[in-house]
Amino acid sequence: MRKVLTGNQAVAYGAMLSGVEVVAAYPITPQTTIIETLADMQAEGLGDFDYIRVESEHSAMAACIGASMGGVRTFTATSGQGLFLMHEMLHYASGARTPVVLANVNRAPAAPWNIWSDQTDSLSQRETGWIQLYCEGNQEVLDTTIMAFKIAEKLKLPAMVILDAFFLSHTSEPIEIPDKEAVKDFLPTYDPKDIWLDPDNPHTFGAIAMSDPYMELRWQIQRDMEIAKSVIAEVHEDFAHHFGRMYHQVEGYLAEDAEVLVICTGTAASTARVAVEALRAEGERAGLVKIKTFRPFPGEEIIGALKGKKKVAVIDRNFSPGAQGIWAQELRSVLCELSDQERPMVYGYIAGIGGCDISVKTIKEIYYKTLESHRPDDIDMWVGVRHV
Amino acid sequence: MKETRIHGRGGQGSLVLAQFMAIAALEDGKYGQAFPFLGGGGERRGKPIMAFCRLNDRPIRLRSRVAEPDYVIVQDATIMRELDVTEGLKDGGLVLLNTDKSVEDLGLSGKPFEAHTISADNLARRILGRPIINTALLGAFAAITNEITLQSALNAVRSKFPGRLGEKNAQVVQESYDQLMRNSS
């Protein structure tokens, strides 16, 4: 069925079609309409799940962890400050190996208050052991929500589906809603397999681990994050087989013969497709590389796409004070494996902070700045900001 | 691709109007993309806000705000005291205003764009009993731009409001459409 949905409705459809069994959530703009839609779906009998109302995001995640330990499929959604309040429990979710799925609508951190798009909230959760999947359109949002459950449950690691505030969360566009039975065929009911909170078969969960077993358990998370790269690739293939839509951890667009590659994530990648087409029409050899996964970071695929290129321009709608754009840092750390001849110069740009627009004009400006520059340290990295 | 910017006040249904346009486009076998720009903390009842709608015959990849619209819809002409609603409007573009005044009275004749007015307030008050104007502007938009068909606009409204409310809103769409078709012929 094809229907006009917002990004937030697409998330709710994704969770409902996935047969989620427990939703625990607390409202926050711009996420609220996700959990409102889920509440409506439950009230109308579209989804058969328990809906736990909690007093904070911290409790929402705690409830999801408990439910997941009980062996059921669990979901929550949040944004910005809500994600920050969950932070402690985000670490707990991965440590406890609970495959919780969370949709985060990117919202800029306060102060000052701002409700618009900025990836600093989710990227700040880099060390929490969550898989992070970024989306450029509402179809990808719905499809990624479904895939996130499969990826998380295969790995017993939690997964975050990430969408830009307003540019996706409140944007309506036509998307294909898969049939619930077809989704069930792709994603059967969650089976916790070996172990879950079962009164008839008692176990101790999360008790103190002495240093050696603790370190082993951390190592296992690292091992499984590496395995996650192939699991994500398999789930993408499997999804394409079932529904005919293919996604990639790293995707090139007009990239092969490009002289300058723009590296984008989220909705900036979508607009960059139009910008790169416009630059090609101007006779420029411009290309795009879209990165979908932040954790695990798809280093090998990025090297494959960028090796031998002259210049890449990373557009970060986020920043780490004192260290600039976060995707640019990650990219530099994988590219240092390449020899000097093979390694492109990395230009890191900051744009779209706090919901500022990233338009075709912005991306073209970045492209030409990069093309004309000799060295990355020559340029002003902050695009469209008054230096006052 | 055609881009529309809607200027309204929080509570006037600017986003709902943009969504109706996107739903009608889907009915027509086209693609639509509708989104708001609220300003403030998002709670903006009575304050000037914007909504955008892109319409295209293939999927829409562009996800920035609309800066150079083909069409501008003004839900409350008093907003024109506060901001330039025609900023960035393409030459040869169209402006549709909800007002009792004429295009001449508003000083919008002889410009590089075409202006149309409709008293959506009066139409909505008469048929719906309340000044809920977005369906009147939807019918008028269909008439002056031909970007969506009348039938799809009617279907979009009926699918959003089933039953009697849907029929009344469909009547609003039909009457506003007819009125603008008469005016422009």
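Values below: every heavy atom of this structure, side chains too, minus hydrogens, waters and symmetry copies. So that the names make sense, note that chain A is the first sequence line, chain B the second, and so on, each numbered from 1. What you see is a predicted model; the values in this text were computed from it and never measured.
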Within a strict 4.5 Å, meaning less than it, do heavy atoms of the [X] and [Y] side chains meet?
| X | Y | result |
| --- | --- | --- |
| L26(B) | R2(A) | yes |
| F167(A) | R65(B) | yes |
| Y31(B) | P174(A) | yes |
| T6(A) | Q19(B) | yes |

Salt-bridge criterion met for E136(A) and R61(B) (N-O under 4.0 Å): yes

Over 12 foreign heavy atoms within 6.0 Å of CG, N146(B):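 Counting other residues, nucleotides and ligands, CG of N146(B) stays at 12 neighbours or fewer.
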
Exceeds 12 heavy-atom contacts within 6.0 angstrom, atom NZ of K369(A): yes

Stepwise side-chain contact (heavy atoms from CB on, under 4.5 Å) check, I60(B) with E173(A): CA-CA 9 Å; I60(B) 299 162; E173(A) 60 183 353; 5.6 Å; no

Side-chain donor or acceptor of T271(A) paired with backbone N/O of R63(B) under 3.5 Å: yes

Polar side-chain atom of D357(A) near backbone of S64(B) as donor-acceptor pair, under 3.5 Å: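 Absent.
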
K3(A), part contacting chain B, at a heavy-atom distance under 4.5 Å: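 Contact with chain B involves the backbone of K3(A) alone.
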
Atom of F35(B), atom of F166(A) and distance for their closest heavy-atom approach: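 Looking at all heavy atoms of both residues, the closest pair is CB-O, 4.5 Å.
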
Gap between atom OG of S359(A) and atom CD of E68(B) - 0.5 Å precision: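 Rounded to the nearest 0.5 Å, the CD-OG separation comes to 9.5 Å.
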
